[in-house]
Amino acid sequence: SSGINAEYGDTFKEVFETQMEFLVEAIHSNHSLTAIPYHYLVPRERTMTQNPQCSSVFAFQLARYLMLKLPDMGLGESEPHDRAALYSRLWRQLFSFTQAQDHHQDLEMEGILKPHLQKILNESMELAQTAKDPANYFTLLRHLFRVIGSASNKYDELYNEFLPLLPSLLQS
C-alpha cells in the first residue's frame, strides 16, 4: 500500500521529523533515493491511492528542514555545492507538490508554505548578496513566485501574505 494507516500518522511524522537529515544525506550520497521524496510529493495517477496525510506530513517536515538549510544554498563550487543543488531540487519538488494538490487540500498546503514565506523572501535576498553562488536563491524565489502567481485564487492567504512584502522585496 502506498499510504499510511491513520493510527500510524504520528509515528510517520516523528520518523521524518527526526530523520530528515539522514534521508537528505542518503539522497546526496545516492541520487536514486530521490524516489523517496518523489513518492510523497508527486501526485500519481488516479488509479493509485495516495494518502494525503502522509504527503502533507512529509511536505511539512521537508519545508522545515529546507528552511534550516537555506544559508547553505549559496555555497560555491565545491562538494557542498552539490548539496546546494540538491536542496534546490527538493524545494522545486515541494513547490510542485503544492501546485498539484486538489482543492480540498489547498488550505493544508497553504499552511505548509505560509509560515515560511517571509523568511524565504527576506533571507534569500539577504543571503544572495553575499553568496558565492546566488543563483540557487534566485531560482528558489522564481519557483516560489510561480506558486504564488499561478495559484493566487487558490491560495488567498498566501497571496495576501506576499503582497505587503513585495515593495520591500523590489527595493532590495
Side-chain angles (χ1 to χ4, degrees), residues 13 16-21 23-25 27-28 34 36-38 40-43 52-53 55-172:
K13 177 184 177 219
F16 282 107
E17 189 174 64
T18 61
Q19 298 302 315
M20 189 61 75
E21 176 89 33
L23 174 62
V24 173
E25 288 302 314
I27 293 169
H28 183 258
T34 309
I36 295 170
Y38 184 85
Y40 293 116
L41 296 176
V42 176
Q53 178 190 9
S55 294
S56 297
V57 166
F58 185 83
F60 180 81
Q61 295 305 326
L62 181 60
R64 204 178 66 123
Y65 174 82
L66 290 172
M67 288 304 300
L68 295 172
K69 298 300 180 179
L70 204 54
D72 297 339
M73 288 184 61
L75 298 174
E77 302 278 334
S78 64
E79 188 273 328
H81 180 68
D82 295 335
R83 196 169 270 109
L86 172 60
Y87 298 151
S88 186
R89 278 193 310 275
L90 290 171
W91 273 114
R92 190 169 51 247
Q93 280 186 333
L94 182 64
F95 291 146
S96 295
F97 174 67
T98 61
Q99 287 179 302
Q101 293 311 298
D102 293 332
H103 182 70
H104 69 280
Q105 293 174 319
D106 291 345
L107 291 176
E108 197 166 339
M109 295 318 308
E110 196 169 27
I112 290 171
L113 291 178
K114 188 178 176 187
H116 305 296
L117 181 64
Q118 185 172 359
K119 187 174 180 182
I120 292 171
L121 291 170
N122 292 338
E123 285 193 24
S124 291
M125 292 302 289
E126 186 179 311
L127 292 166
Q129 293 176 17
T130 58
K132 290 181 182 177
D133 185 7
N136 285 328
Y137 294 113
F138 298 129
T139 301
L140 171 64
L141 291 173
R142 184 182 71 199
H143 290 301
L144 179 63
F145 294 158
R146 283 183 180 164
V147 168
I148 294 169
S150 68
S152 61
N153 294 331
K154 190 175 176 181
Y155 298 131
D156 287 336
E157 285 187 42
L158 195 60
Y159 188 74
N160 290 333
E161 179 91 7
F162 171 73
L163 281 179
L165 301 172
L166 191 57
S168 65
L169 184 65
L170 293 174
Q171 288 176 357
S172 46

Quiz item: Is the Trp91-Tyr87 ring centre distance short of 6.0 angstrom?
Solution: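 Here the rings of Tyr87 and Trp91 have centres that are no less than 6.0 Å from each other.
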
Quiz item: Are the side chain of Ser88 and the backbone of Ala84 linked by a donor-acceptor contact shorter than 3.5 Å?
Solution: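 Answer holds: no.
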
Self-check item: Whether Asn136 side chain and Gly74 backbone form a donor-acceptor pair below 3.5 Å
Solution: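 Side chain of Asn136 to backbone of Gly74, a donor-acceptor pair under 3.5 Å: no, none is there.
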
Beyond-backbone contact of [X] with [Y], side-chain heavy atoms, under 4.5 angstrom:
X	Y	result
Met67	Leu70	yes
Pro134	Gln129	no
Tyr137	Met125	no
Leu117	Leu113	no
Lys132	Leu75	no
Thr34	Gln93	yes
Phe145	Leu140	no
Ile112	Leu62	no

Straight-line distance of [X] [atom1] to [Y] [atom2], nearest 0.5 Å:
X	Y	atom1	atom2	value
Leu127	Asp72	CG	CG	9.5 Å
Ser124	Lys119	OG	NZ	10.5 Å
Met73	Asp133	CE	CG	9.5 Å

Quiz item: Would you call Glu21 and Lys69 a salt bridge, using N to O less than 4.0 angstrom?
Solution: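 Yes.
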
Exercise. Identify the two heavy atoms, one from Val24 and one from Leu90, that lie closest to each other, and give their separation to 0.1 Å.
Key: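 In this case the closest contact between Val24 and Leu90 is CG2-CD1, 4.0 Å.
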
Quiz item: Who pairs with Arg64 by side chain to side chain contact (heavy atoms under 4.5 Å, CB included), at least two apart in sequence or on another chain?
Solution: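 Per chain and number, Arg64 pairs via side chain to side chain contact (heavy atoms under 4.5 Å, CB included) with Glu17, Phe60, Gln61.
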
Quiz item: In a check of side chain to side chain contact (heavy atoms under 4.5 Å, CB included) between Phe16 and each of Lys13, Met20, Gln19, which one passes?
Solution: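 One option only clears the test, and that one is Met20.
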
